[in-house]
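Heads up: the structure comes next, in structure tokens.
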Number of protein chains: 2
Amino acid sequence: MRASDKAYAALRSDIIEWRLPPGSVLAEVELSERLGVSRTPVREALARLSAEGLAEPQSGRGVVVTDISMDHVRELFELRLALECRAAELACERGDSDIFRALHDRLSNVDALLSEQDPDRRGYYELVGALDSAIDAAVGNAYLAQALKGLRVHLVRIRRLSHDNTTRLAEAAREHATIALAIANGSPAVASAATTVHLDNSLRHLLAANHS
Amino acid sequence: MRASDKAYAALRSDIIEWRLPPGSVLAEVELSERLGVSRTPVREALARLSAEGLAEPQSGRGVVVTDISMDHVRELFELRLALECRAAELACERGDSDIFRALHDRLSNVDALLSEQDPDRRGYYELVGALDSAIDAAVGNAYLAQALKGLRVHLVRIRRLSHDNTTRLAEAAREHATIALAIANGSPAVASAATTVHLDNSLRHLLAANHS
DNA sequence: GATAGCTTCAGTGTATACATAGAACGCGCA
DNA sequence: TGCGCGTTCTATGTATACACTGAAGCTATC
């Protein structure tokens, strides 16, 4: 593995998991010492992070972790709605029914998904990620998939703001199950509508939990 | 201006204007000599181009200009449809009617737009670009705007494949005028529909001109 | 006492030297 | 003559030294 990849992966996870909160300054010399590589691969990593929107150059001098306000979240969900609705519609036309029917079944088993033995909800998030991947694969559009991938980075980062309780996650799982079922049935209008409903619910819970 | 910006701008325009056709290898040493800067800023420029999708690393060794097949064009237009339809809808809600009415008027004056004294159709493309910018500004969504910006880079690049004759450009201008009018009227359904029609026409002409 | 200018310094921007890996070519053997 | 192995070479990956810009703090003057 290249040193620049290592630096990129380390910084990316640090940002996404809020070990480097918004506003943190990413100084090249400090990072190169902390990560044990020279400034060159660190610079490359910072450039990639800036291109992704996780960091941004500040007044031509220094790079800082980008801020995440509720306005940003609203804008993010507006883009998300456009992309995910279309992706769901296209998956209806091109997807394999059996795959999405299986995902629907697994998503419907809420009790197993949100067991007490999984406080981090890894099982839930992995299954939701599997649905995303299945949709991407069904759509078969590299540009759309790339746009969605760039979007999901930010969504993982704001997951921390959700403070999702088990009740909401169970509700979200059912919403995802509805989407999967609509795709399995090949009903683009329903898939798009279910996606719209799910995203609206998610956004409203996010806004309510962050008093703005 | 930084040397890396200079290298980036030079390579970007070389790729977009097909001086560097798809498949061209972007060798660091050769570029650093040709552009008169060292390898470091050249590397930074190549990283930015790779992030944009204009170039891609080839098997871990060397960077090449990305290929543009008709399949890619189809995928590009699929993403474009999703983004531009939503942008047009949102512009209806948030845009200033006067601005889009003025754009409609200018786009309707096809004769002035496609005069014989402008063989490169600069007047046409600048006005279409102004409509794009007006929509972006009306929507007021940085994430959506960035996604559209990343998309338009590729669109400018495939413009070379269009072989647009005056008849088609006049038609396209009228389609753009229809979109601008729908936004000025605040009719999201019409704006979205007009965008869909326009993109379908554009794509069909592209495919017809490239026999696949 | 306040402001303007200068000095200093920290940190980025660039260049270049060195390490390294992948590929191509050639040679030898079957 | 063809295949396989080894060597060499070219181009990328990394490290580091140097240059330069922008900012902050200090001093001197009004």
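Naming convention: chains lettered A, B, ... in sequence-line order (proteins, then strands); numbering from 1 in each chain. Just the heavy atoms: all of them, side chains too, but no hydrogens, waters or symmetry mates, feed the values below.
- Contacts classified as salt bridge (charged side-chain N to carboxylate O under 4.0 Å, His left out) and involving residues 195-211 of chain A (residues at least two apart or in different chains) are given here: A:D200-A:R204.
- The CG atom of A:L35 sits 13 Å away from the P atom of D:dT14 (whole-angstrom rounding).
- Contacts between residues 5-15 of chain A and DNA chain C, defined by a heavy-atom separation under 4.0 Å, are absent.
- Rounded to an integer number of Å, the gap from A:Q58 CD to D:dG22 P is 15 Å.
- You'll find that the side chain of A:P41 is closest to D:dA15, out of D:dA15, D:dA17, C:dA15.
- A distance-only check finds a donor-acceptor pair linking the side chain of B:D96 to the backbone of B:D98 [under 3.5 Å].
- Taking atom CZ of B:R2 as the reference point, atom C1' of C:dG11 lies 14 Å away to the nearest angstrom.
- To the nearest angstrom, C1' of D:dA11 lies 12 Å from CG of B:L31.
- A close approach under 4.0 Å does occur between a side-chain nitrogen or oxygen of A:R43 and OP1 or OP2 of C:dG13.
- Residues passing the salt bridge (Lys or Arg N to Asp or Glu O under 4.0 Å) test with B:R34 are B:D14, sequence neighbours excluded.
- The separation between A:L46 atom CG and C:dG11 atom P is 14 Å, rounded to whole Å.
- Counting heavy atoms from C-beta on, the side chains of A:L144 and A:L90 come closer than 4.5 Å.
- Listed for the A:H154 side chain is a donor-acceptor partner under 3.5 Å among the backbone atoms of A:E52.
- OP1 or OP2 of C:dT16 has not a single side-chain nitrogen or oxygen of B:R39 nearer than 4.0 Å.
- Atom CD in B:E28 sits roughly 16 Å away from atom P in C:dA17 (whole-Å rounding).
- Whole-Å rounding puts the A:E44 CD to D:dG13 P distance at 7 Å.
- A salt bridge is defined here as a Lys NZ or Arg NE, NH1 or NH2 lying under 4.0 Å from an Asp or Glu carboxylate O, and A:D5 with A:R12 fails to meet this definition.
- Within the cation-pi definition used here (under 6.0 Å to the ring centroid, within 45° of the axis), B:R80 qualifies as a partner of B:F77.
- The residue among B:T40 and B:A27 whose nearest nucleotide of DNA chain D is located toward the 5' end is B:A27.
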